[in-house]
Protein chains: 2
Amino acid sequence: MTADLEITRLRESGGKGFEKVFAFLRERLLAGSLRPGDRLIPERDLAAQLGVSRPILREALRALTVLGVVEIRDRVGTIVRRPDPSVLNDFFTFAFAQQSDVVDDVMQARIAIECQAVRLAAERATVSDFEKLQQALARIVETIDDPDGGSAADFDFHRTVVHAGKSETLIVLHSSLSGILMRSHRGRRELLQVFDSMKTYLIEDHRRIFDAIVGRDPEHAERVLREHFAIGDDFRRRAAIGESDARSAS
Amino acid sequence: MTADLEITRLRESGGKGFEKVFAFLRERLLAGSLRPGDRLIPERDLAAQLGVSRPILREALRALTVLGVVEIRDRVGTIVRRPDPSVLNDFFTFAFAQQSDVVDDVMQARIAIECQAVRLAAERATVSDFEKLQQALARIVETIDDPDGGSAADFDFHRTVVHAGKSETLIVLHSSLSGILMRSHRGRRELLQVFDSMKTYLIEDHRRIFDAIVGRDPEHAERVLREHFAIGDDFRRRAAIGESDARSAS
DNA sequence: GTATGCAATCTGGTATGACCAAGGTAAGAG
DNA sequence: CTCTTACCTTGGTCATACCAGATTGCATAC
């Protein structure tokens, strides 16, 4: 192959060590001359060919690792991976970690994702998806009095809906965003327990969403889901106002 | 501060060098004990405190760098950054480089983001946003016969809409997704030129979106935008069928 | 001829120590 | 007091070495 030629040309190209190596590998990955499943040559050899030391090469490989494009397997080698969207979780986690005030903003994105996903779900959901949704729904009913379990069941239902949409991208984004929201507002559901009307809202709303999906009505499904979010937001608002004196915690 | 105590505890914690260090820094960043603007202690000292060698420490720092959470400044130090969403572009570029078949899937996510954003835009857009949208609209009209410029104008209008939604998260996601779509289907618009009805569609649709935003009607805005995407998809479908023989490129 | 077992070898994981270049800073000159 | 300069700091890189486990291949046993 023509690898050596390009490597030679790489030597003179600008960049300072790491940048040079990273850019080289990056180009190779993007161009497709390095495809998923390929195993890179040993670090020592690769470092020598690239004209850098092994630590520097490893910095570049490690950088590619966190991007999910390669996998360094101990005592085996470095292999090119099919990019795993799960690394997005890593990023989003960092990206929205500190700013707790962006939770509402992230929530907007979650709504966006779910509303689109529920549309797709209404079109693409399989019988298997229906069953999973049914189960998720049942769990919501079962755990209606349990804050922890209820929160998990709620999240699980929404996750199932998104999965039923069969869009890998939406699934990934939703997963990442959910992670942030769960981390930030873990106890959000607890204060909702105060309202009795809350319980029926939780059950009925989710059931309506389920029905809309089963009924293959994307338009209706989105409307119901959007309503669901709006009502939930309203509950939170009322809870925040009503209890702002009693519990001004964080 | 209590840094030393935690560092000590870190020493015994599981993990093999890099993993250990990365996990430690990760936790520190997420917990907020390391905040944007902070400067880490010198690599040598930090490596010593963490009980690892400098190359390993640098691997961890480099990993955090590609995630955009820290910035290593030559001969200055390592400083914590406010996560820069632009690194998402880096990731998405890799993630969807080879698989051109995921473009449709990514498009679903883009639709999701924009539909939510246009709702917010209808609620939150300022007069300044109106002006920008107006300008973007004018550019679409001007460049209606120019494939390159037209494509840029089209994209710019949509970008302006999302920005008018005032949601940082949506803006970030949209930017990243748009990057992929532009890279993957750069010449997508060219083949649309064949249809004469296309031009009026492009101009009228965008104007309707603009009107809906100015009219402060979220519901209508989303409906129009969704229609816009559907029609565009239809045009592409027709173009693909009609020209599948003539140009079976890629 | 095939199968099994052991050892040389390969590969990543990590540590040390050293050198360079440039930014920062404090001491010294004016 | 100001300005210059020498020194120290700090990241950037390199070369070498050792470890441990995975791999591989050869030799031996069946």
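Residue numbers begin at 1 in each chain, while the letters A, B, ... track the order of the sequences.
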Just the atom pairs and distances: protein N or O near nucleotides 19-25 of chain D's N or O, under 3.5 Å.
| unit_1 | atom_1 | unit_2 | atom_2 | d |
| --- | --- | --- | --- | --- |
| dG21(D) | O4' | Arg75(A) | NH1 | 2.3 |

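Not counting sequence neighbours, Lys132(A) has no partner by the salt bridge (Lys or Arg N to Asp or Glu O under 4.0 Å) test. The ring pair (Phe, Tyr, Trp, His ring centres under 6.0 Å) search around His163(B) returns none, not counting sequence neighbours.
Rounded to an integer number of Å, the gap from CD of Glu43(A) to C1' of dT14(C) is 11 Å. Between the P atom of dG11(D) and the CD atom of Glu19(A) lies a distance of 17 Å, rounded to the nearest Å. For the pair Leu57(B) CG and dT10(D) C1', the interatomic distance rounds to 13 Å; values are reported in whole Å. Protein atom CG of Leu40(A) is 19 Å distant from nucleotide atom P of dC10(C), rounded to whole Å. For Leu46(B) and dG11(D), the CG to P distance is 9 Å, given to the nearest whole Å.
Using modelled atom types, one finds no donor on one side chain facing an acceptor on the other under 3.5 Å when comparing Asp154(B) with Ser151(B).
Each of Thr78(B) and Pro55(A) has a nearest nucleotide on DNA chain D; the 5'-most of these lies closest to Thr78(B). Each of Arg54(A) and Asp45(B) was assigned the nucleotide of DNA chain D with the nearest heavy atom; the assignment lying further toward the 5' end belongs to Asp45(B).
For Ser53(B), counting side-chain heavy atoms from C-beta on, the closest listed nucleotide (dT14(C), dG11(D), dC14(D)) is dT14(C). Candidate nucleotides dA15(C), dG12(C), dT14(C) were compared by shortest atom distance to the side chain of Phe18(B), and dT14(C) ranks first.
Remark: Arg58(A), Arg62(A), Ile72(A), Arg73(A) in residues 58-73 of chain A come within less than 4.0 Å of DNA chain C through at least one heavy atom.
Remark: Phe130(A) CZ to Ile213(A) CD1 distance equals 8.0 Å, nearest 0.5 Å.
A salt bridge does not link Arg119(A) to Glu123(A): none of the charged side-chain nitrogens sits closer than 4.0 Å to a carboxylate oxygen.
Legend: salt bridge (charged side-chain N to carboxylate O under 4.0 Å, His left out) pairs involving residues 37-51 of chain B, not counting sequence neighbours, sorted by first then second residue: Glu43(B)-Arg54(B), Glu43(B)-Arg58(B).
No donor-acceptor pair closer than 3.5 Å links the side chain of Ser175(B) to the backbone N or O of Ile171(B).
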Stepwise side chain to side chain donor-acceptor pair (under 3.5 Å) check, His174(A) with His158(A): CA-CA 9 Å; His174(A) 183 261; His158(A) 286 265; 5.7 Å; no
Name the atoms and distances for all side-chain donor-acceptor pairs under 3.5 Å in residues 65-76 of chain A, with sequence neighbours left out.
| unit_1 | atom_1 | unit_2 | atom_2 | d |
| --- | --- | --- | --- | --- |
| Thr65(A) | OG1 | Leu61(A) | O | 2.8 |

